[in-house]
Amino acid sequence: MLTHSPYEPLDADSLVDRLGALPAMMERVGPAAHWRVREVGDGNLNLVFIVEGRAGSAVVKQALPYARVVGESWPMSLDRSFFEHEALLRLDSRDPGRLPAIYHFDRHQAIQVMEHLWPHVILRKGLMAGERFPLMAGQLGRYLARTLFRGSDWAMDTTRRKADLAVFAGNVELCGITEDLFFTDPFHECARNSHNPALDHAVAAIRADRDLKLAALELKARFCGTAQTLLHGDLHTGSIMVCQEDTRVIDAEFATYGPMGFDIGSLLANLWMAVFAQPGLRPDDGETRAYRRWILDTAETIWNVFVEEFTRLWRCERNGILGGRELFEDQADPVGGELALNAMIDGIWHDAVGFSGIEIHRRILGLAHIPEFESITDAALRAGCEHRALRAGRVLAVERGRFATIGQVRTLIARLEGDDL
Ligand code: SR1
Ligand code: MG
């Protein structure tokens, strides 16, 4: 069996030999003699294969012992595959069916065999192509509320919660990458960073901007010191697969305990960056403007559905360490419970706004860029899109406390874009 041989990265040929006798593969894909294998990984870390055969198809994901985006000079532990698997199990139990089904896991080989999502596309690519997904916002809003609430002290008892916290405290390597890549690297000169040279002046100003750096440090402290819930930890539009009817969340290897607003802010930032990138991706016409409005509407619906579902869970499932019913509802004071809920949502929102501003900076100035901006070939046009996004990012990070509603973020974006979005 695979597990007993030394770890070795797969390739399209060796995969057939090495997984051909695996019961999960035979059951899902059929006899290995008829397999067609394609390596499709375009992320920063892993190998991803689609295997198709007579009985169906499956995805085989394998961690590499280094960061794929950089190469072997950045060694990386294979343990991330274990943490991803543990996170997938928990997130799926909290919002069943919103993650790919896992058919097989081999910790030693860092391999997961999982459901081949089809006809889903990576959301980021869908947004770059101008596609609309009508059910996605509701599904993501509920996913966020269910996973963030059900993984928190509001829902979990102290024994399970502490045991879980201990498990994910082990995901130190990937958590450390987030700490550096989001909150520190973009705000100083660091060898891992890169940016569009047309932004040189703006980048120098950002790295001299004390208020912005203070905000980044405050938000880093919030990320490191606020173990509110089990996060996906890397919930950008490349970690979501969509089709007309369905939305799935993939790639949970950055899972860690952290503030609820982190997943929400990461996702909203990537939607807002997709808005800023549109003028560089397609003609600036009525259709593009309508599409940008659709993305902004989607972001608003995600947040509004999150609040609605979080509120429902608060009222029906608040049975964890922080339950608090004894203090309010059980003493005929439902208002007290609702005030606590409002304070909670307020805190999550302001965190999310701040984290969204940080995510925007790191995607333009740090290591891990996004194809929305990178694919704009006209350097000046690209710089314009990136610069407007950075201006929004600064306001979101530094002035996060002044955004009372998500509609105010729309107003900010419309002002920067000079458009009535
Ligand atoms: C070295 S990992 C760089 C980035 O890729 C992942 O997708 C995460 O976003 C991480 O920050
Ligand atoms: Mg990923």
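In each ligand, atom 1 is the first atom listed, and ligand 1 is the first ligand listed. We're numbering straight along the sequence, starting at 1.
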**Student:** How long is the span from the CD atom in E386 to the CZ atom in R363, to the nearest 0.5 Å?
**Tutor:**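 Answer for the CD-CZ pair, E386 versus R363, is 13.0 Å.
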
**Student:** Looking at atom 7 (O) of ligand 1, what's its closest protein heavy atom, distance included?
**Tutor:**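 Nearest protein contact, heavy atoms only, for atom 7 (O) of ligand 1 is D234 OD2, 2.9 Å.
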
**Student:** Just checking, R362 and F182: is the charged tip under 6.0 Å from the six-membered ring centre and within 45° of the axis?
**Tutor:** yes

**Student:** For L181, counting its heavy atoms only, list the atoms of ligand 1 lying under 4.0 Å from any of them.
**Tutor:**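 Checking each atom against L181, I get 3 (C), 11 (O).
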
**Student:** With A110, which residues qualify under side chain to side chain contact (heavy atoms under 4.5 Å, CB included), at least two apart?
**Tutor:**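 Once residues adjacent in sequence are excluded, the partners of A110 under the side chain to side chain contact (heavy atoms under 4.5 Å, CB included) criterion are Y7, A63, L78, S81.
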
**Student:** Counting non-hydrogen protein atoms only, what is the nearest one to atom 2 (S) of ligand 1? Give residue, atom name and distance.
**Tutor:**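 Closest protein heavy atom to atom 2 (S) of ligand 1: L45 CD2, 3.7 Å.
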
**Student:** Going by the order shown, which atoms of ligand 1 are within less than 4.0 Å of some heavy atom of A368?
**Tutor:**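 That gives atoms 4 (C) of ligand 1.
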
**Student:** For atom 5 (O) of ligand 1, what is the nearest protein heavy atom, given as residue, atom name and distance?
**Tutor:** N44 ND2, 2.7 Å

**Student:** Quick check: R362 and ligand 1, any N/O pair under 3.5 Å apart?
**Tutor:** yes

**Student:** So does R68 have more than 12 non-hydrogen atoms from other groups sitting under 6.0 Å from CZ?
**Tutor:**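 Check passes, neighbour count above 12.
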
**Student:** Which of the atoms in ligand 1, numbered in the order shown and given with their element, are less than 4.0 Å from a heavy-atom of R363?
**Tutor:** 9 (O)

**Student:** Give the atom numbers and elements of ligand 1 that come within less than 4.0 Å of a heavy atom of F254.
**Tutor:**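 In order of numbering, the contacting atoms are 6 (C), 8 (C), 10 (C).
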
**Student:** Any donor and acceptor pair, going by atom type alone, linking the side chain of Q139 with main-chain N or O of E245 inside 3.5 Å?
**Tutor:** yes

**Student:** For H369, give me all partners under ring-ring contact (aromatic ring centres under 6.0 Å, His included), at least two apart in sequence or on another chain.
**Tutor:** none

